[in-house]
Amino acid sequence: MPMQPWFPDAKLGVFIHYGVYAVGGAAESWSFYTGEMTHEQYMKQLDGFTASRYDPDAWAELFARIGAKYAVLTTRHHDGVALWDTDHRNLDVVRDTPAGRDLVTGFVDALRARDLKIGLYYSHSDWNHPDYPSERHPGPHLVEPNAYSHAEPGKEDPEAWTRYLTYRDGQVRELVERFRPDILWFDGEWERTEEQWRMRELAELILAGNPDTILNGRMLGYGDYATPEQGAPLQAPEGPWELCLTINDSWSYRPQDRDFKSVRQLVRYFAETIGMGGNLLLGAGPREDGTIPEEQVERLEGLGAWIARHADAVYGTVAGLPAGHHYGPSTLSADRRTLYLVCFDAPRETVSVRGLRNRVLRATVLGTGTELGHHVTGGLDAVPGVTWIDAPAAADLDDQATVLAVELDGELDLYRGAGRD
């Protein structure tokens with residue numbers, strides 16, 4: 001279906017990994033799958049999950065304050081523990097933890113109250129469901145399979161697999177009908193093929209319930225946008241996309257992980273992503289009580305403050321110059337008449353733009369409004385010269401990244417040739 005128009009202009013979302021794994025600071029689901037802890041140790045975390053300070057209104061206020069336009073919540077990770085009151089039961093926080101209540105409804109209501117778009121994460125796989133390891137992926141595996149995920153060769157059980165898909169479809173239908181999410185963000189797709197997952201039928205189920213829901217690329221052939229993870233692509237994926245990225249090295253709350261990215265690094269990730277036409281979905285992992293760690297809040301707020309100072313270069317823009325025209329990312333206004341050049345380091349003498357056929361009407365520092373001199377050198381016949389923009393003074397530099405607004409005499413016109421023969 002056509003991409004919903006809000007998505008490419010959203011630019012920033014927040015990805016919340018919240019679940020019982022926060023009790024012991026374990027890697028979400030993976031810690032028992034890979035043997036970091038035993039399955040018994042992992043499941044004991046159910047007894048400690050209280051959500052005692054869970055305040056979705058405070059979350060939503062933070063998301064709105066930093067300039068995010070959507071947020072995605074892990075309603076059920078690979079461990080199979082649902083965060084809502086599901087009628088298709090395996091494990092859920094309502095009946096199996098001291099939290100004792102539905103946590104998704106509050107999240108949805110709080111986001112809607114602030115006009116934020118709602119994303120719900122759901123894993124296709126459930127490593128705790130008795131019927132899940134009844135099938136085998138026929139091809140190579142991204143992750144080495146084990147007894148939680150795959151049947152032993154020759155021990156497949158088609159009837160059990162059908163029961164599992166009925167359970168999955170029932171839960172997804174609940175998410176669609178109860179919450180009408182703007183995004184369904186799927187995961188775990190690597191463990192089966194598109195045909196085994198019955199993706200076409202799942203997509204039809206979702207869109208029949210809410211035709212405006214968009215689906216991420218982990219719906220395999222039925223996704224609406226790409227989701228590269230943990231590393232900015234060097235070349236933008238085809239069509240709409242988002243980069244999902246952690247603030248430290250972990251998706252969920254892991255107090256021992258102190259490798260936090262700086263605000264300056266997050267600004268760089270963000271600028272490079274929107275400069276290639278994508279969104280940044282930035283991960284945060286709340287503690288088991290529902291509070292987001294201060295180190296994560298500080299970095300979210302730092303990125304949000306930079307966005308607020310440079311909103312014209314963020315919202316209502318499209319991908320900027322291709323690589324090689326400017327030494328840094330850039331965005332372009334929707335009318336294609338203003339270029340926004342991002343400079344991570346303090347420019348020395350000048351900032352250059354190559355291949356620009358347009359005449360520059362005006363160049364200013366975004367945020368301060370200071371006008372900068374500019375001139376062109378060189379150029380011959382069809383090959384334009386280099387446009388040089390005077391470097392901003394020290395007082396005009398931004399501590400994270402300085403943005404120059406370059407107003408053009410018409411829509412952006414670039415030379416992309418190889419020069420004179």
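Numbering of residues begins at 1 and proceeds along the displayed sequence.
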Exercise for review: State, without any angle test, whether Thr75 and Trp84 hold a side-chain donor-acceptor pair at a distance under 3.5 Å.
Suggested key: no
Review point. Within the distance-only criterion (no hydrogens, no angle test), does the side chain of Gln45 pair as donor or acceptor with the backbone N or O of Gly24 below 3.5 angstrom?
Key: yes
Check your understanding: Is there a donor-acceptor pair under 3.5 Å between the side chain of Tyr253 and the backbone N or O of Tyr18?
Key -> no
Review point. Is the side chain of Glu191 donor-acceptor paired with the backbone N or O of Gly188 at a distance under 3.5 Å, no angle test?
Key: no
Review point. Are the side chains of Asp169 and Leu205 in touch, meaning some heavy atoms are under 4.5 Å apart?
Key: yes
Exercise for review: Compute whether any side-chain donor of one residue and acceptor of the other, for Asp126 and Tyr167, lie under 3.5 angstrom apart.
Suggested key: yes
Review point. Does Phe63 reach the side chain of Ile16, with side-chain heavy atoms less than 4.5 Å apart?
Key: yes
Check your understanding: So, for Trp30 and Tyr21, is the gap between ring centers shorter than 6.0 Å?
Key -> no
Practice item. Please assess Thr86 against Asp92 for the test side chain to side chain donor-acceptor pair (under 3.5 Å), listing each intermediate value before the final yes or no. Key: CA-CA 7 Å; Thr86 176; Asp92 62 70; over 6 Å; no
Practice item. Would you please test Glu36 and Arg254 for salt bridge (Lys or Arg N to Asp or Glu O under 4.0 Å) and show each step? Key: CA-CA 13 Å; Glu36 177 185 334; Arg254 304 207 75 187; 2.4 Å; yes
Practice item. Would you tell me whether Asn128 and Asp79 have side-chain atoms, one donor and one acceptor, within less than 3.5 Å of each other? Key: no
Exercise for review: Would you please indicate if the ring centroids of Trp185 and Phe15 are separated by under 6.0 Å?
Suggested key: yes
Review point. Do you see a donor-acceptor pair shorter than 3.5 Å between the side chains of Asp289 and Thr291?
Key: yes
**Study point:** Arg287/Glu294 salt bridge by N-O under 4.0 Å criterion
**Key:** yes
Review point. Going by atom types alone, do Arg76 and Tyr122 pair a side-chain donor with an acceptor below 3.5 Å?
Key: yes
Review point. Out of curiosity, Tyr269 OH to Leu282 CG, how far, rounded to the nearest 0.5 Å?
Key: 10.5 Å
**Study point:** Among Tyr132, Trp190, Trp251, Tyr42, the one residue meeting ring-ring contact (aromatic ring centres under 6.0 Å, His included) with His78
**Key:** Trp190
Check your understanding: With distance as the sole test, does Asp257 use its side chain to make a donor-acceptor pair with the main-chain N or O of Asp249 at under 3.5 Å?
Key -> yes
**Study point:** Ring centers of His137, His150 separated by less than 6.0 Å
**Key:** no
Review point. Taking NZ, NE, NH1 and NH2 as the nitrogens, is one of them in Glu195 or Arg200 under 4.0 Å from a carboxylate oxygen of the other?
Key: no
